[in-house]
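Reminder, nothing fancy here: chain letters follow the sequence lines and each chain counts from 1.
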Amino acid sequence: MLEKNFNFAEVEARQYPQWEKSGVFAAQPESNKERFTIMMPPPNVTGSLHMGHALNMTLQDILTRYNRMKGKDSLWMPGTDHAGIATQLVVERQLDAEGKKRADLGREKFLERVWEWKAYSGGTITSQLRRLGATPDWDREAFTMDDNLSRAVVKVFVQLYKDGLLYRDKRLVNWDPKFHSAISDLEVEAREMKGHLWHIQYALEGEEARTITVATTRPETMLGDTAIAVNPEDERYKGLIGKMAIVPVANRLIPIIADEYADPEHGSGAVKITPAHDFNDFEVGKRHNLPMINIFDKDAHLNENAPEDYRGLERFAARKKILKELEELEILEKVENITHTVPHGDRSGVVIEPYLTDQWYVDAKTMSQPVVAAIKSGRTEMVPKNWEKITFDWIDNLQPWCVSRQLWWGHQVPAWYDEDGKVYVAETEEEAQAQAPGKTITRDPDVLDTWFSSALWPFSTLGWPGKNPDLEKYYPGSLLITGFDIIFFWVLRMMMMGIHFMGDVPFKKVYLHALVLDGKGQKMSKTKGNVIDPLTLIEKFGADALRFTMSASAAQGRDIRMSEDRVEGYRNFTTKLWNAAKYCEMNDAFPKEGFDPSKVKNTLNQWIVGEVLNTANSIAEALEAYKFNEASAAIYQFTWGTFCDWYLEFTKPYLNPVIRSDDEESGDSSAAQNDIAEEIRTTTGWVLEQILRLLNPFMPFVTEELYGQIARREKGDTLLTAAWPDYPKALIRKEAAAEIAWAQKVISEIRSVRSDMNVPAGAKIALVVQDASEATKKRLKIYDPALKQMARLSSIELLSGKAPGRSIKAIVDEATLILPIAELIDLDKERERLQKQIAKLEDDIRKTEAKLGNEQFVANAPAEILDEFRTRKVEFQQMIDKLATALEQLEAA
RNA sequence: GGGCGUUUAGCUCAGUGGUAGAGCGCUUCGUUUACACCGAAGAUGUCGGGAGUUCGACCCUCUCAACGCCCACCA
């Protein structure tokens with residue numbers, strides 16, 4: 001017997017290890033089944049599960065399970081990422097707490113610490129994925145710093161260097177003064193801030209009375225000025241071009257140059273040029289061969305290129321000091337309050353400094369051209385489609401990708417330098433040495449951007465650069481599911497690398513899902529303290545409920561607001577299913593071997609069997625189109641709304657002898673009734689089993705448990721290996737569906753009337769049908785037990801001619817409901833109800849008539865629409881007539 | 001500044017060129033042997049404003065507004 005409630009905690013803990021042990025998560029490279037490959041976006045190895053993962057992983061697991069059931073050889077490749085900066089930061093913080101710095105330990109010891117931390121916390125995220133019920137091929141779990149993946153990184157680096165797509169260059173980078181490292185454009189976050197625009201007068205050489213005014217938001221950088229630029233068309237300054245100005249405080253001479261970059265409309269029209277500390281100025285400087293004076297050190301403190309009393313000052317302290325000095329010199333012409341965007345490090349949170357250094361760059365622009373082609377030709381398709389355009393726009397403005405980081409945790413750059421600074425790129429030190437005979441070489445201390453190694457994920461995890469049969473079979477992947485927030489960081493870079501090294505796109509489709517926000521629509525973040533922990537929800541409502549919430553919320557193109565109410569609602573759904581199964585068990589309604597759903601005779605059974613097919617089709621169709629919300633809605637609606645609310649209720653009278661015994665008029669022999677009951681039991685069991693299969697990808701735990709205990713309680717197989725139902729079209733029986741629709745309508749109407757008339761719940765009423773057609777009579781007979789049970793009727797009587805005077809009627813097709821218990825009825829209320837209904841119908845008729853009276857409509861509307869309007873009108877009129885009769889009779893009473 | 005998205009029932013959100021939908025919440029009723037984490041019935045909307053295309057617009061076009069996100073070097 002099933003327990004009273006679904007104990008999800010117990011079931012989850014018991015089921016998962018069994019699944020994993022059974023080995024069905026594993027791909028089957030030897031099989032010749034059609035394959036389904038999906039690469040898990042590797043989470044940070046030392047991280048823990050957040051809502052975004054829960055969404056992302058649930059969707060992947062649903063499709064993996066679905067495809068596995070469809071009989072495909074499914075590879076869901078799991079793994080984790082070393083997450084360079086993030087992980088190094090955590091360990092540095094730990095050291096900090098011990099009062100140490102990473103420099104104290106030295107590189108080797110520090111890396112040992114990081115590996116220790118990885119060993120300690122690295123299992124968290126993967127065990128949490130198991131809690132969620134995810135079924136990737138764990139045996140293949142990869143880590144971006146595994147030996148073979150690291151080999152791939154080196155190989156790629158060297159090859160790109162040889163191909164001229166990777167090079168070392170001295171240019172401005174986004175420098176993070178806190179991490180002492182370069183970061184990529186993508187890791188810079190522009191934050192809007194209040195600031196000032198200072199107008200400063202620079203004196204001209206030789207004519208100290210004349211000045212030229214420049215405007216700047218960063219006065220401290222004037223110590224590195226090497227020119228003033230004015231627009232060549234700017235009449236105000238034409239005469240000054242070629243003259244020299246004096247940088248205040250620094251007392252250095254700089255030329256006044258003409259450059260289009262200076263916008264006469266902006267500021268004073270003259271702009272100071274600081275090539276070493278501004279991206280635009282850098283370009284201007286290159287155009288005019290200006291010297292580049294770097295005035296900062298790696299902490300963004302002023303260095304020896306600044307006047308002596310500024311050296312060592314932090315940049316903002318320097319700003320204060322210089323402003324004070326300018327004021328004293330009375331050359332601070334004015335100060336404007338402005339809001340502007342200031343670049344910040346997305347992880348460090350400090351202001352990013354454009355900084356002149358040597359770094360390694362990937363020629364992303366060149367490499368992304370084939371990516372554009374692949375997307376345009378449809379070799380990789382993005383879902384939703386609008387991301388494709390955004391992608392193209394981004395690629396259009398692509399800058400070289402700075403891939404070196406001045407960190408220790410990561411893949412060390414495979415480049416060596418000799419005493420003269422000449423660089424040797426090679427896979428090993430021996431090879432590098434061979435290129436530099438007789439020289440002493442030292443390795444580049446920098447490591448690569450985390451995303452460099454994850455860009456190789458689709459093939460490095462399959463054994464590349466080795467010759468691995470897996471690579472042949474599973475590349476390119478069928479699908480990538482990830483959040484749109486890492487489309488530039490990761491998706492496109494995988495495409496660049498995949499196309500370059502594998503000669504083919506890494507995946508055929510990319511499904512980009514939205515972000516998970518908190519209940520108020522805010523991004524979840526630790527600093528805001530609004531993070532909802534998926535593990536908490538799993539503990540409270542079960543993994544199935546959380547998974548279903550994720551799936552049901554995943555409409556395309558919209559962020560998801562996470563609310564606990566919704567999870568609770570789907571927890572209730574698991575309970576509902578559990579109880580339905582319990583009901584089946586109580587009624588011996590189990591699936592039977594050899595049962596052929598297309599052979600059922602009873603209308604109810606024919607109908608439900610067709611509904612199962614419709615539902616299965618809807619789910620499959622929705623999943624193939626990545627409409628997870630529609631798929632979820634279909635199975636939810638069928639299970640609860642169709643199976644539980646209607647089918648089980650409809651069939652109860654046939655299964656329950658107590659209810660059936662007071663039905664003596666149905667005319668069926670008890671043998672025939674037994675046959676019906678038997679068919680219902682078998683069908684019910686079959687439907688339950690289909691629900692368990694269809695729902696399994698979404699709610700694996702509860703379905704597996706019920707499958708084991710009810711549906712396949714003797715054989716002990718599992719849904720993991722069960723086939724996705726493939727039904728014959730013959731299951732659809734239109735006539736049966738129409739019959740049941742009629743019965744549903746009758747029952748709903750009777751219920752509605754009962755309720756409106758305040759008939760006490762316990763009181764049974766009679767349905768008296770006047771002048772019924774033969775078809776209606778037949779139907780009434782077929783659904784007699786169901787009508788009595790579900791609409792709480794005492795009897796159904798057939799009358800011809802006028803109904804008894806003191807009765808009240810409501811209309812259900814031709815059926816007339818008569819309530820002989822006049823005392824129970826509030827006449828005024830009933831009159832009001834009828835009048836209201838009539839008024840509404842009359843209004844509907846007016847609208848319909850107006851429509852049909854419109855010549856253009858009649859001329860242009862398609863036939864079926866026109867017909868619909870005509871029948872509609874007739875129906876409305878019939879109902880009004882019947883209601884009017886009822887009202888008449890009411891008045892008579 | 002550029003781009004994108006959103007605006008539908010009290011809340012969270014689906015949705016389609018042909019008389020508006022779900023879940024939650026709310027109201028009323030209900031201990032009928034699966035289920036109160038339940039069942040039945042019900043109320044609530046000029047589908048953001050305006051204009052246009054169409055026989056017909058919540059859906060297509062334009063425009064305005066509000067909110068959100070992304071991108072951007074304007075000193």
Quiz item: Which listed nucleotide (B:C55, B:C4, B:G39) is nearest to the side chain of A:F857?
Solution: B:C55
Quiz item: Just how far, in rounded Å, is P of B:C73 from CD of A:E353?
Solution: 15 Å
Quiz item: Between the base of B:A34 and the side chain of A:E649, is there a donor-acceptor distance below 3.5 Å?
Solution: yes
Practice problem: Would you indicate what A:W387 reaches in the nucleic acid, counting non-hydrogen atoms under 4.0 angstrom: base, sugar-phosphate, or nothing? | Solution: nothing
Quiz item: So, A:T574 and A:D544: side-chain donor and acceptor under 3.5 Å apart, yes or no?
Solution: no
Quiz item: Looking across every strand, which nucleic acid part, if any, lies under 4.0 Å from A:A262 by heavy atom: base, sugar-phosphate, or nothing?
Solution: base
Quiz item: Strictly by modelled atom types, are A:D185 and A:N174 linked by a side-chain donor-acceptor pair under 3.5 Å?
Solution: yes
Quiz item: What does A:N854 touch in the nucleic acid at a heavy-atom separation under 4.0 angstrom: a base, only the sugar-phosphate, or nothing?
Solution: sugar-phosphate
Quiz item: Looking for any heavy atom pair under 4.0 Å, which part of the strands does A:R571 touch: base, sugar-phosphate only, or nothing?
Solution: base
Exercise. Check the distance between B:C71's C1' and A:E187's CD and give it to me in whole angstrom.
Key: 16 Å
Quiz item: Under 4.0 angstrom, heavy atoms only, what part of the nucleic acid is A:A859 near: base, sugar-phosphate, or nothing?
Solution: nothing
Quiz prompt | Side chain A:E333, main chain A:H199, donor-acceptor under 3.5 Å | solution = no
